[in-house]
Structures are given as C-alpha cells and as structure tokens.
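First comes the structure, then the notes that go with it.
Numbers here simply count residues along the sequence, with the first being 1. We count ligands from 1, going down the list as the structure has it; atoms in each ligand are counted the same way.
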Amino acid sequence: MKRVLVTGGCGFIGRHVAHELTEHGYEVRVLDALLEQVHGRVSVSIPAGTELIRADVRDRDAVAKAVSDVDAVIHLAAEVGVGQSMYEIARYVGTNDLGTATLLEALIKKPVERIVVASSMSIYGEGLYETPDGRRVDDARRKPGDIRNGQWNLLSAAGETLSPIATDEEKRPDLASIYALTKFMQERAVLIFGQTYGVSAVALRLFNVFGAGQALANPYTGVLANFAARLANGKRPMIFEDGQQKRDFVHVRDVARAFRLALEQRLAAGQAINIGSGGSYTISDVARLLAEAMGIAKLPPEILGKARSGDIRNCFADIGKARELLGFEPRHRLENSLAEFVAWVRNNVAVDRGTDMKRELEERGLVS
Ligand SMILES: NC(=O)c1ccc[n+]([C@@H]2O[C@H](COP(=O)([O-])OP(=O)(O)OC[C@H]3O[C@@H](n4cnc5c(N)ncnc54)[C@H](O)[C@@H]3O)[C@@H](O)[C@H]2O)c1
C-alpha cells in the first residue's frame with residue numbers, strides 16, 4: 001500500500017481527496033494547521049482513516065517528519081481568497097510561497113515518487129477570448145477606467161467586442177491578484193523542482209470547486225458557499241458587476257478523483273492540467289439555481305454594479321488535456337448536485353460574513 005501526505009487535508013478539497021485515496025487503498029497522512037478562518041473555533045474532525053499532523057506547512061521540523069516515510073505528496077495547504085490576498089499580502093505569500101518552498105526543501109532530503117500541487121484558474125487572469133472573425137485573443141485585460149464606467153465586457157484594442165471561449169493550458173498566464181501570483185509560484189516551483197530532482201510532478205489548475213464541505217463562514221472563497229450563507233440567513237446573495245460573468249463549476253468529488261488520477265497516470269508527469277467541468281454558468285444563474293434549490297426563490301440576488309479589484313470577467317475550462325492525460329471525465333453537473341449541497345448547508349451553521357467582506361474591501365478601496 002502506498003502512503004500519501006496530503007497538506008491542507010482537513011480543508012474542503014483535502015477532505016474529499018483523503019476520502020478518495022483511502023477508498024482506493026492508499027494510506028493517508030494529513031498535515032494541516034486548521035486555520036480558524038476556514039474551520040471556525042469548534043473542534044475539527046479529521047478525515048476518517050487518516051493520520052493528522054497539526055502543523056504549519058512552514059514548520060521545517062514538522063514537514064520533515066511528515067514526509068519522512070511517504071511515497072507521494074498532494075500539496076493543497078494554502079490561504080485561499082482573491083480579495084483578501086490584496087491586503088493580507090504577507091500572510092498569502094508566507095503560507096503559499098514560503099510554505100511550498102519549505103515542503104520542497106524537505107523533499108530534497110527525502111525524495112518521493114510523485115508530487116501533485118493544487119494550482120488555480122486564477123493564474124490565467126481573464127480567460128481566452130476570440131474576435132468576431134474567430135481570432136484567438138490570449139492577452140485580454142480590462143482597463144480600470146472601463147470597469148469604473150460599468151463597461152464590464154472586454155473589447156479588443158480596435159474596440160471590437162470579444163467573446164469568451166474555453167480556456168486551454170496554452171493561454172498565457174496573467175496574474176491579476178496576489179493570490180494568483182502565489183498560486184503560479186506554487187505551480188512553477190513544484191514543476192521546476194520535479195525537473196531538477198527527477199521527481200515526477202504535476203500541477204492541477206482547478207476551476208471553481210463546489211460541493212459539500214466548503215467553509216460557509218469564509219466569505220473570501222467559494223461563490224456557492226457565500227450565496228448559500230446569505231440565503232440561509234434570509235439575505236439576498238450579493239453579486240459584483242452585472243452578474244453576467246461566466247465561471248466553470250466543478251464538483252469536489254470530480255476534483256478529488258482528478259488528484260488520484262494525477263498520482264497514478266504516468267503521462268501526467270511534468271504537466272499543468274486544467275480541472276473543470278467543461279461547461280460554464282453566469283453568476284446570476286448560479287444564484288438563481290441555488291435559491292430555487294433552497295426553496296427561497298423570493299430572494300433574488302442583489303446586483304451591486306461594482307467590481308472587486310483583481311476579479312476577472314470570464315474564465316471556463318477546456319478540459320481536453322485532462323481527458324487525454326488523466327482519463328478524467330466529470331461525473332457531476334451543477335444543476336444535478338445542488339440538492340445534495342443544500343442538504344449539507346441545512347445541517348451546518350451558515351454564518352454570513354458577506355457584508356463584512358464587502359466592507360473590508362470597500363474600506364481599502366478595493367471595490368469600484
Ligand atoms: N476551492 C476552490 O475553488 C479552489 C480553486 C482553485 C484552487 N484551489 C486550491 O486548492 C487548495 C485547497 O483549497 P480549499 O478550497 O480546500 O481551501 P480550504 O481553505 O478549505 O483548505 C485549505 C486547508 O489548508 C490549511 N492551511 C492553510 N494554511 C496553512 C498552513 N500555513 N499550514 C498548514 N495548513 C494550512 C487550512 O487549515 C485548510 O484546512 C488550495 O491550494 C487552493 O488554492 C481551490
């Protein structure tokens with residue numbers, strides 16, 4: 001039996017990854033600092049059948065101990081949130097970049113067969129676009145002046161309207177937030193490390209992950225969890241811009257399976273691979289579908305008509321590479337999975353911190 005270390009294994013994705021691995025006969029060790037922003041103050045149950053090392057990923061001794069007798073590592077531990085990363089800069093760079101560096105240094109002394117890191121769609125910035133005559137545009141970016149004037153959609157330099165298309169891994173990264181910068185560093189550091197030390201390394205660029213277990217009290221991550229926390233407290237979901245921005249929602253069990261496949265598939269070595277659903281939804285549609293699933297369609301979303309600093313307009317995944325290299329095929333669609341998600345929300349305390357989040361961003365001039 002193979003032993004795998006999952007950093008951040010008590011988090012939303014980590015718990016599902018741990019479950020997927022134990023179900024498939026792996027022995028799992030988790031290293032997690034159990035951050036209060038993610039887990040609250042109540043005692044956290046560790047994923048069933050796993051061993052927990054409660055420690056910070058920057059703690060050299062704890063990390064050395066954690067990797068001492070494992071065959072592979074899945075690195076998920078991170079501070080997660082675009083908006084918050086724009087003012088808690090040291091915190092994000094500390095955990096995400098120094099944490100990854102600490103882990104990799106430990107792996108120089110104790111090499112493993114494979115390391116898989118969670119990268120993010122955020123590294124793309126805007127997704128891929130095309131011009132009306134079908135030319136690919138992979139450097140689209142909104143101008144602050146356009147955003148301030150409520151011109152949410154993207155225009156080419158010649159003023160043509162650009163249409164969003166599925167983003168593949170060839171799209172040039174465009175780092176528009178500190179969070180994205182740290183995720184790109186994590187991805188590149190792991191792939192460079194793999195090449196240098198002959199360790200097979202894989203980066204999975206996750207799109208918007210949803211499902212049971214997402215922190216309901218953390219307003220900086222997970223649009224579905226944020227909306228659910230608002231609705232469960234009788235409040236309207238808050239939507240930045242006009243609600244027509246498009247995202248790709250991939251179910252957490254599909255993501256967990258992708259991590260297992262990334263450990264197992266030889267072809268994945270050295271690659272950065274998108275993990276999404278291959279479909280897209282507008283944020284307004286997501287709010288509406290969720291309100292319907294919760295039986296409170298009378299709470300329509302509040303369209304703020306304001307943009308958050310660092311947010312992009314559209315990004316959804318081309319998952320051709322995941323299909324080819326991992327044999328990955330999503331099994332869950334958003335509209336078929338909301339009933340299960342809502343049942344989970346009802347069994348949990350959904351603390352709504354959405355208004356605090358908006359105020360914290362506004363106080364720092366990060367909403368315009
Ligand atoms: N959720 C998404 O939609 C999404 C999308 C793209 C990428 N990702 C990436 O996937 C990974 C997991 O995300 P998640 O949604 O499960 O987040 P999460 O916040 O639920 O889990 C992160 C876990 O890491 C732990 N952690 C944080 N800082 C730590 C530190 N310094 N030392 C040790 N442990 C620490 C937290 O306690 C938590 O249990 C992250 O790397 C994230 O950047 C997530």
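In this structure, a donor-acceptor pair under 3.5 Å is present between the side chains of Asp248 and Ser277. In the model, Glu130 has no side-chain atom that pairs as donor or acceptor with a side-chain atom of Ser163 under 3.5 Å.
Hydrophobic clustering of Ile, Leu, Val, Met, Phe, Trp and Tyr side chains at less than 4.5 Å, counting indirect connections, keeps Phe207 apart from Phe249. Residues Leu326 and Val117 are members of separate hydrophobic clusters, defined by side-chain heavy-atom contacts under 4.5 angstrom among Ile, Leu, Val, Met, Phe, Trp and Tyr.
Checked against a 3.5 angstrom limit, the closest N/O atoms of Thr95 and ligand 1 fall inside it. Remark: ligand 1 and Gly14 share no N or O pair separated by less than 3.5 Å (distance only, no angle test). Checking only distances, Leu31 never comes within under 3.5 Å of ligand 1, N or O to N or O. Between Val57 and ligand 1, an N or O atom pair is found at a separation short of 3.5 Å. Remark: ligand 1 and Asn208 share no N or O pair separated by less than 3.5 Å (distance only, no angle test). When only interatomic distances are considered, the shortest N/O to N/O separation between Leu206 and ligand 1 does not fall below 3.5 Å. Here's the thing with Glu79: none of its N/O atoms is less than 3.5 angstrom from an N/O atom of ligand 1.
The shortest separation from a heavy atom of Cys10 to ligand 1 is under 4.0 Å, placing the residue in contact. Residue Gly213 places every heavy atom at 4.0 Å or more from ligand 1. Using a 4.0 angstrom heavy-atom cutoff, Ser119 counts as in contact with ligand 1.
Taking 4.0 Å as the cut-off between side-chain N and carboxylate O, Glu27 and Lys2 do not count as a salt-bridged pair. Electrostatic pairing of Glu241 and Arg313 counts as a salt bridge here, judged by a charged N lying under 4.0 Å from a carboxylate O. Ion pairing between Arg3 and Asp69 holds under the 4.0 Å rule for side-chain N and carboxylate O.
Under 4.0 angstrom from ligand 1, the non-hydrogen atoms of Lys183 all belong to its side chain. Using a 4.0 Å cut-off between heavy atoms, Met121 makes no contact with ligand 1 at all. When heavy-atom distances to ligand 1 are checked against a 4.0 Å cut-off, Val80 comes that close only through its side chain, counted from C-beta outward. The part of Tyr179 lying near ligand 1 is the side chain, judged by heavy-atom distances below 4.0 Å. At a heavy-atom cutoff of 4.0 Å, ligand 1 is contacted by no atom of Phe210, backbone or side chain.
Interface atoms of ligand 1 facing Ala118, defined by a heavy-atom separation under 4.0 Å, are 9 (C), 10 (O), 11 (C), 41 (O). Listed by number with element, the atoms of ligand 1 under 4.0 angstrom from any heavy atom of Arg58 are 31 (N). Atoms of ligand 1 found under 4.0 Å from any heavy atom of Ala55 (numbered from 1 in listed order, with element): 32 (N), 33 (C). Within the listing of ligand 1, atoms 37 (O) sit less than 4.0 angstrom from a heavy atom of Leu34. Residue Gly8 approaches ligand 1 through these ligand atoms, each under 4.0 Å from one of its heavy atoms: 23 (C), 24 (O).
A 4.5 Å side-chain heavy-atom check between Tyr129 and Asp138 finds every atom pair outside the cut-off.
Nearest to atom 27 (C) of ligand 1 by heavy atom, out of Gly11, Ala77, Ala33, Ala78, is Ala78. Looking at Thr7, Leu76, Val117, it is Leu76 that brings a heavy atom closest to atom 12 (C) of ligand 1.
For the salt bridge (Lys or Arg N to Asp or Glu O under 4.0 Å) test, no residue two or more places apart in sequence or in another chain qualifies with Glu23. Partners of Arg205 according to the salt bridge (Lys or Arg N to Asp or Glu O under 4.0 Å) rule, which considers only residues two or more places apart in sequence or in another chain, are Glu187.
With rounding to the nearest 0.5 angstrom, the CG atom of Leu98 is 8.5 Å from the CE atom of Met185. Summarising the geometry, atom CG belonging to Leu155 is positioned 6.5 Å from atom CG belonging to Asp146; distances are rounded to the nearest 0.5 Å.
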Review point. Hey, mind stepping through Met238 and Arg230 against side chain to side chain contact (heavy atoms under 4.5 Å, CB included) and telling me if it holds?
Key: CA-CA 8 Å; Met238 286 188 298; Arg230 298 282 297 168; 3.9 Å; yes
